[in-house]
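Here is the structure we will look at.
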Amino acid sequence: MAFVRKCRLLGLCSRRLAHVARTKHQTASSLFTPDFVQQYHPWGVSARFSSSAHEYGFDSTIFALSSGHGKCGVAVVRVTGPHASSAVRLLTRRPVLPAVRRAALKRLYDSTGEPLDRGLVIWFPGPHSFTGEDSCEFHVHGGPSVVTSLLQALGNMEGLRPAEAGEFTKRAFQNGKLDLTEVEGLADLIHAETEAQRKQALRQMEGDLSRLYSDWSRRLLKCVANVEAYIDFSEDENIEAGVLDDVEREVCQLREELERHLSDGRRGERLRSGVQVAILGKPNVGKSSLLNAVCQRPAAIVTPVAGTTRDVVESAVNLGGYPVLLSDTAGLRETEDIVEQEGVRRARQRAQQADISVLVLDATDVMAAVSRQPGHYLTLQQYVQDHIPDLGLQGTTFDTNDGTTNPTDSYLIVVNKSDLVDAGGSLGTLLASSELATEGDGARDGDVCVMSCLTGEGMDGFLQLLQLKVKLMCGNPLAGNPSFTQARHRAHLTACLQALTSYAGMCERDLVLAAEELRTGLRHLGKITGKMGAEEILDVIFRDFCIGK
Amino acid sequence: MEFSAGKPEIVILRHGRTTSHFPLFFATQQWQRPCEDSGPVRIFCETHTTVYTMLQRRCVRFGSTVSTRVLSHHHTGHDRRRCHTGRYDVIVVGGGHAGTEAAAAAARMGANTLLVTHKLDTIGEMSCNPSFGGVGKGHLMKEIDALDGVCARICDKSGIQYKVLNTRKGPAVWGPRAQIDRSLYKKHLQDELFSDTPNLTFLARPVEDLILTPNSQPDSDVCKQLVRGVRLDDGQCIHGDTVVLTTGTFLRGQINIGLETRPAGRVGDAPAIGLARSLEDAGFTVGRLKTGTPPRVDGRTIDYTHLSPQPGDDPPQPFSFLNDAVWIKPEDQVLCHLTHTNSTVDKIILDNLHLDRHVLEETTGPRYCPSIESKVLRFPKRPHQIWLEPEGLDTPVVYPNGISCTLPAEVQVDMVRQIRGLERAEVIRPGYGVDYDYMDPRQLKASLETHRIKNLFFAGQINGTTGYEEAAAQGIIAGINAVLKVQNRPAFTVSRTEGYIGVLIDDLTTQGTNEPYRMFTSRAEFRLSLRPDNADERLTEKGHQAGCVSHYRYHRFMDIKHSLDSSLQLLKSFSQSSTKWKRQLNYDLLSETKSGTQSAFDLLKYPDMTIARLGDVVPELRHLVPNRQLCNRLQIEAMYSCMLKKQEQEIQEVRRDEAMTLPDNLDFTRLRVSTEVIEKLALTRPQTIGAASRIPGITPAAMVQLLRYVKNFNRQKRGSETQELNPA
């Protein structure tokens, strides 16, 4: 009986093992030597946190979600590196790897033995794989819960960590696997640089989460700066003796907060899934009407009074199978009213965070601007560009003067209230003269729609355009999947926590080693919130301490 | 003709005649009687052989030891058009710390070197504080010494107080430091350079301009010119294959005291204006920086009774790897004293700020506090430290470190008198500020050669650094690379993983600087492996391959390395279980739960474990005990071995990136990246993938493009090579 129980614990088939024991002329229980157990549980008893800094070296094993986010039928998770084989073994709970480069239907289990899913497993031993190293792919159902569980299970394995942006490509390139043309195409892919992906990842979280991480980052930077100042300057300059005590206190506090966050993180982190669409514009152009029309219910209050909407009204809709979160915002204008001011601030924030921004224009305003212009010549783009400073949307996707465009953002221009102007005539010529496409294939940005929320004219066209854009966004692997981002962030936070724990131990022995631990922690946090290098540390040092020449 | 004290110079004007009497007759008219303690006399003349023999006959007459080493060739005023026949491999312009290291390195490597400076007497002058070393700076000095530089050895001969900072913080950040006697330093340095260094000649004349010609074999599209030598202020041209500019604060230097400004590079020395203009014309981006120095005080008028003294180390640690001890006895070291400012000092400064032009004007200020005015402005209402540092054994001058000041002279005196201990102090010379031009260091390659002008090198404060050690580090690298350029060998670069010199040069050439760059240990990512004790292991071998390390040093280093390696192996070979060790050593801190065995090397990690203690238990280790230096090094190695293993991955990654070099003639406009990124790359022109990745603002997409370009380029090069081999 004990034998069967042990087998179940290890996730092995007792019947098969008994057979093995008989052929070896041994008793079944004697099979469980330490080496045997080690082989099938390389992680020992379930290790909750992946550990040791050396994982971040070149020969670590990485995993990543290769399919986009949103509703996908199948999610593909790839693992590459020396521990890929143990990943396969542990997930499938079988000691034998599937046949090389053949899709095998297997049951996948997580670290506690619970079944995760049934999916395809493909095993590619190096060098004949995408990256040139041992790789494997898991094709599972695309629902967010399955994906999250799979990523967690992988994250809990020893020696595995989530990949950084472009890391698969980097390994493929370094192993000589990528052809030049492929690199060219993938270069755009890697435009999901650390900055953009980080911004995007932070966007996907609730506002207070990103604030929380930034706050930790700032506090840890101060600790690092204090310790560095103590090391570099305490003998020459006047660095107060209490500095290190303050650091220790702060580090202790950070540790507690991190631990708390990680242990009940699953309840605290609510990530938005679905594409975020923000509706922006001047007051009274018809944003709330648009929202109501799309949701087909009176979600937002509509009145002729400008400044009706104060809050951000969200509504989750299903657009052709894709989850979309529509946000109606306050009309962007300068106002004295404090409530409205807050509404405008939230609107601008939402504009920064959104995946797709919809700018609503009033057709009557547009035509009036055209008639004011000498020669009646004004392109729509010009109008939009002039409009932007009024709205305070500088620096967002609409501002093409900014120079820095993020290909993962996209925008849509809606000219509302077409029933109030002569749609076919002057408006039509205006649109024809501009370089914006009215019937896009969704591939080009800056698509324009002419519609009237009141009569319903042009609504179908708008919905089609929006759907196309959402589809592109979901299929775009650049758009960071929230579940994967969550896994990445957890891994970094865990590593940071470990570093902070080591700091306390090292402090008495050697301050320099302790400082190294702090720096490691800061580096991990930096992968979430932004790199903090030597210059940032020096900035804080010189700001807080009077250091002479 | 005015002579600087103690070093008379005879300028013999010849008019093309070779009679032996004429020059000496002329000379006696011009020559002052040498002082009693005068050392070698420097003689300038045209053809040295004649003078040599002539003076030999005469030297008994004058009584002093006349070292007849002839230093330069010199022309009379009216022969302006005739260019000089001398041709040098390396011309170093400027005789500060960067210049002396560069010239010494070049001469050591066998190149025919010329050092041109305004006044010979200022060679080795310490213009600001009378100390060398510190945390970070001390690391640089050790590395310069590992490459056989001069400053560390001279400091061992001229220091008056030696102290290692940060002794309680771990060997990685120990900062060797010393107060130096200014005159002794100058004397020893000049002795070494003038008498003991072959291949090195000197000339005391201001350099007006560079001799530039169009570059027929450009490395890149910005490298349009080639430097062929320098032109002096009297029109004379001196030809050199390479030129190293180490002019420090002299380019359009301007001194500010109060509201007065005076063009000067250092008090008493003229600025270099023509040169600054020529560099600007050549297209270099120039910035402006400022620095300052405190008033000098007479130590005899200082009241030390209530100030806290700070003694030196006993025994003092030498800077150089070649020395086992310094020249001074521990008990003869001078004391430094500590005092503080107070609120009256603050009040005087704040009341008189309107009289202080240096602080008021717009030149870039650093983030740290370079002057007492900025300290008071940024951190008001607290006392600031002042270290009273004696400037020499024989001189009463004291340098108050921490009150760098540009207020008018009377106000300075007032302010100084408010400081505790200095109530009756005499201010010998007021403090002043210097504004000067500096070259954007991003226009340099990692070898310190400029992008725009081939064979021209910049080193020292001209690149925007501050401090003698930073200047000397750049000087030695520039000197070595100038010679390697002449010899057509690949450049000598130090990477960030190999030394603080690498961190310094990489920061300057990749990120540039807009404040005077100072070295701190927090700038180094791999601080644990860049320690002062292992500088020779990191750099001496490399330097020897380049040719800048003398045989003597190299053999000594090889001996040390050999004994280190063999003792490490010995230590690692003694392995037994932890329980056994614990029993034998009677050491409680050893954890018995650790399974497996531990070697003697692993045991050294524990606090209070020394080789002596191990030697009691393991007799084979006893012979190591007397060699104190060796024991220290072994202990340090053990302490950091664990953490270093973790860092090893990162270090390998950086080294791999460094190994991928980018070609010189890379046309950055062809990369498909944003204009902003192209501009940054074009300005910095990185030479390795690693350097490119560290430029602030470079995106990973750009990195991929660069990688692709390199791959493509190599493929094409291989293709053309095979085509050459098989023309058919």
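Each chain gets a letter, A, B and so on, in the order its sequence line appears, and its residues count up from 1. Since the model is a prediction, treat every value here as computed from it, not as a measurement.
You'll find the side chain of B:Arg496 reaches within 4.5 Å of the side chain of B:Arg694, heavy atoms only. In this structure, B:Glu648 and B:Met643 have side chains that are not in contact, with every pair of non-hydrogen atoms separated by 4.5 Å or more.
Ring geometry for B:Phe520 against A:Phe233 counts as perpendicular: the plane angle is over 60°, on a 0 to 90° scale with 30° as the lower cut.
Remark: B:Arg367 engages A:Asp539 in a salt bridge, criterion side-chain N to carboxylate O under 4.0 Å. Between B:Glu470 and B:Arg518 no salt bridge is recorded (no basic side-chain N to carboxylate O distance below 4.0 Å).
The minimum heavy-atom distance linking A:Gly81 with A:Thr61 is given by the pair C-OG1, 3.7 Å. Here the shortest heavy-atom pairing between B:Lys605 and B:Ala638 reads CG-O, 3.1 Å.
For chain A, the nearby part of B:Ser404 is the side chain; its heavy atoms alone come within less than 4.5 Å. Only the backbone of A:Arg543 comes within contact range of chain B, with heavy atoms under 4.5 Å apart. Of the two parts of B:Gln652, neither the backbone nor the side chain holds a non-hydrogen atom closer than 4.5 Å to a non-hydrogen atom of chain A. No part of B:Cys642 comes within reach of chain A, as not one of its non-hydrogen atoms sits under 4.5 angstrom from that chain. Heavy atoms closer than 4.5 Å to chain A are found in the backbone of B:Thr167, but not in its side chain. Heavy atoms of A:Phe545 lying under 4.5 Å from chain B belong exclusively to its backbone. Only the side chain of B:Thr291 comes within contact range of chain A, with at least one heavy atom under 4.5 Å from a heavy atom of that chain. B:Arg523 touches chain A through backbone and side chain together, each having a heavy atom under 4.5 Å away. Heavy-atom distances place no part of B:Pro696 under 4.5 Å from chain A, backbone and side chain included. With a 4.5 angstrom heavy-atom cutoff, B:Gln511 touches chain A only via side-chain atoms.
When each of A:Asp510, A:Val224, A:Leu511, A:Ile537 is checked for heavy-atom pairs under 4.5 Å with chain B, A:Asp510 comes out on top. Counting heavy-atom pairs closer than 4.5 Å to chain A, the top residue among B:Val135, B:Asn401, B:Asn129 is B:Val135. The greatest number of non-hydrogen atom pairs below 4.5 Å with chain B, out of A:Val512, A:Ile541, A:Asp232, is found for A:Asp232. If you tally non-hydrogen atom pairs under 4.5 Å between each of B:Gly292, B:Gly136, B:Gly175 and chain A, the highest count goes to B:Gly292.
Figure legend: B:Lys169 and A:Tyr230 shown as a cation-pi pair, the cationic atom lying under 6.0 angstrom from the six-membered ring centre and within 45 degrees of its axis.
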Quiz item: Where do A:Thr80 and A:Glu133 land on the side-chain hydrogen bond (donor to acceptor under 3.5 Å, both in side chains) test, with the steps shown first?
Solution: CA-CA 6 Å; A:Thr80 179; A:Glu133 302 170 324; 2.9 Å; yes

